[in-house]
Amino acid sequence: MVALRTNMRNGYGPVVAGAALAALMLGASPVLAQLEKIPGRPMSPVAVEQGDPSLFSMRVLTTGLGNPWSVRWGPDDHLWVTERTEGRVARVHPVTGAKMVVLTLEGVVTGPQQGLLGLVLHPELLQGTGNDYVYVSHTYDASGGQGELDRKGKIVRFTYDQATDQLVDPVELLSGIPAGTDHNAGRMQFGPDGMLYYSAGDQGQNQFRNYQNPILSQLLPTAEQVAAEDWVSYTGKVLRIALDGSIPEDNPEIEGVRSHIYTYGHRNPQGIAFSDSGQLYEVEHGPSSDDELNLLTPGANYGWPNVSGFRDDQGYRYVNWSEAPTDLEWEINPLLAPDDVPMTTEAEFPGEITEPLASYWVVEDGFPFNEQCGIVCDPTIAPTSVYYYGAEDGGIPEWENSVLIATLKHGVIYSQPLSEDGTKAEGLPTQWLPSQNRYRDLVVGPDNRSVYIVTDSGGATTPLYGDQLTTNINHNPGAILIFTYQGGE
Ligand SMILES: [Ca+2]
Ligand SMILES: [Ca+2]
């Protein structure tokens, strides 16, 4: 048994303390008490319940990773992690935290939302079938170093060589995926249909420093573009890709053209995950409101940027800065944009769209976006990944048939209950596993009771203690945190 570290600052009991000590320490729920003490704590416009922290122990497995982005549980009983800004893939022992770097990629372009992003393991990895494949996605310079930096994304297959404990023999499956300085998403999943799924963001166009560039999430490819392998329209899309990188023959035809596009009209879809029954859930960052949980169906349009969240014309208008006079200064609140910036209501959009299962959160016109404490106080949760939690004996009953959503802004996991058939969100989510960190991705171990969360190496989040509403102090930067369920025994 290795020595177990604890982090009392976060209020969680030591793993070995047992229920009695945990109850003594946490009986008064110090975490919750502190949260409640913060005046005007930036929270949702609706009251969100907080799960009982005494149900989980917490410990830090390892720290110092370079902005870990994806975490997977491997058939070797190790955690597989991408380090976004280091361009590395590592295997981490889930008890000792010992780390083995199995890949250091050359040619990764890094930045705030760029670098080595997605990671999936072939389901037959280390099963003796020869399919010992590991797939990664990353940003690269398509100019090849000749001239101006041309950010694009690519998906590469590696073979895991167990003898050398290295990822070898890269095969490029798909390259030239649009990428930029913001909103690259980059999450990957291996579908139950044997296809790769990849989420591409809208590159943060129409806002901040990119405010004069158009959002292309509604742009669909022509047959000529597909034939020419021009993937300019693959922005703000979820792609479905055959294992050789080709376009699957049963991909949806959208407006008469079949491409890798599975769904469109997305903003920054950082989370995609399949349920046990094969339904595909997605979470994406909204603008200053309306983060979304979606159920993806082939060929569907999820509305961005013409519709954000539900089609309700509340707190959002599509303000198209890319067609505004260039001397105007960008304004974050869409309802305060000058009159000469083209603006359309959600009702005015002529297309069919699929509404989300849930929006976090809907606010009315007049909400003071960005005024309370900047982005952290806006009515969003900043969802970075989604994970379907099924119902199994010995699992966590509080999470049965839910999706778990990792978030940046509140240092919590939200558990969102689903309807029995998985097609609806039922009621409000509950906050769990609080700490003062930005959560980027999570995986549940095979015991169905241990939750492994990777954290950003820095950035703004909600403080656990004190009177501040936002902080850049992360308690466990670049870490893997383990939360273990202590209930139900
Ligand atoms: Ca949407
Ligand atoms: Ca809306």
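Small disclaimer: the values here were computed from a predicted structure and weren't measured. Because only heavy atoms are used, hydrogens play no part in the values below, and waters and symmetry mates are left out as well, while side chains stay in. Just follow the structure's listing: the first ligand is 1, and inside any ligand the first atom is 1.
In this structure, Y197 has its ring center closer than 6.0 angstrom to the ring center of F274. Between W73 and Y452, the ring centre distance stays below 6.0 Å.
Among the backbone and side-chain atoms of Y302, an N, O or S atom lies under 3.0 Å from the Ca ion (ligand 1). For the Ca ion (ligand 2), the N/O/S atoms of S308 include one lying under 3.0 Å. Coordination check, D290 versus the Ca ion (ligand 2): failed, since every N/O/S atom of the residue sits at 3.0 Å or beyond. With 3.0 Å as the limit, G315 does not count as an N, O or S neighbour of the Ca ion (ligand 2). Residue side and main chain included, E346 places an N/O/S atom under 3.0 Å of the Ca ion (ligand 2). The nearest N, O or S atom of E355 is not closer to the Ca ion (ligand 1) than 3.0 Å.
Cation-pi geometry between R449 and Y485 is not met: the NZ or CZ atom fails to fall both under 6.0 Å from the ring centre and inside 45° of the normal. Geometrically, K237 does not engage Y264 in a cation-pi contact, judged by NZ or CZ lying under 6.0 Å from the ring centre and within 45° of the ring axis. The cationic atom of R72 (NZ for Lys, CZ for Arg) does not lie both less than 6.0 Å from the six-membered ring centre of W80 and within 45° of the ring axis.
Ring geometry for F369 versus F367: interplanar angle of 30 to 60°, hence tilted.
If you look at D312 and ask which of its N, O or S atoms sits nearest the Ca ion (ligand 2), the answer is OD1.
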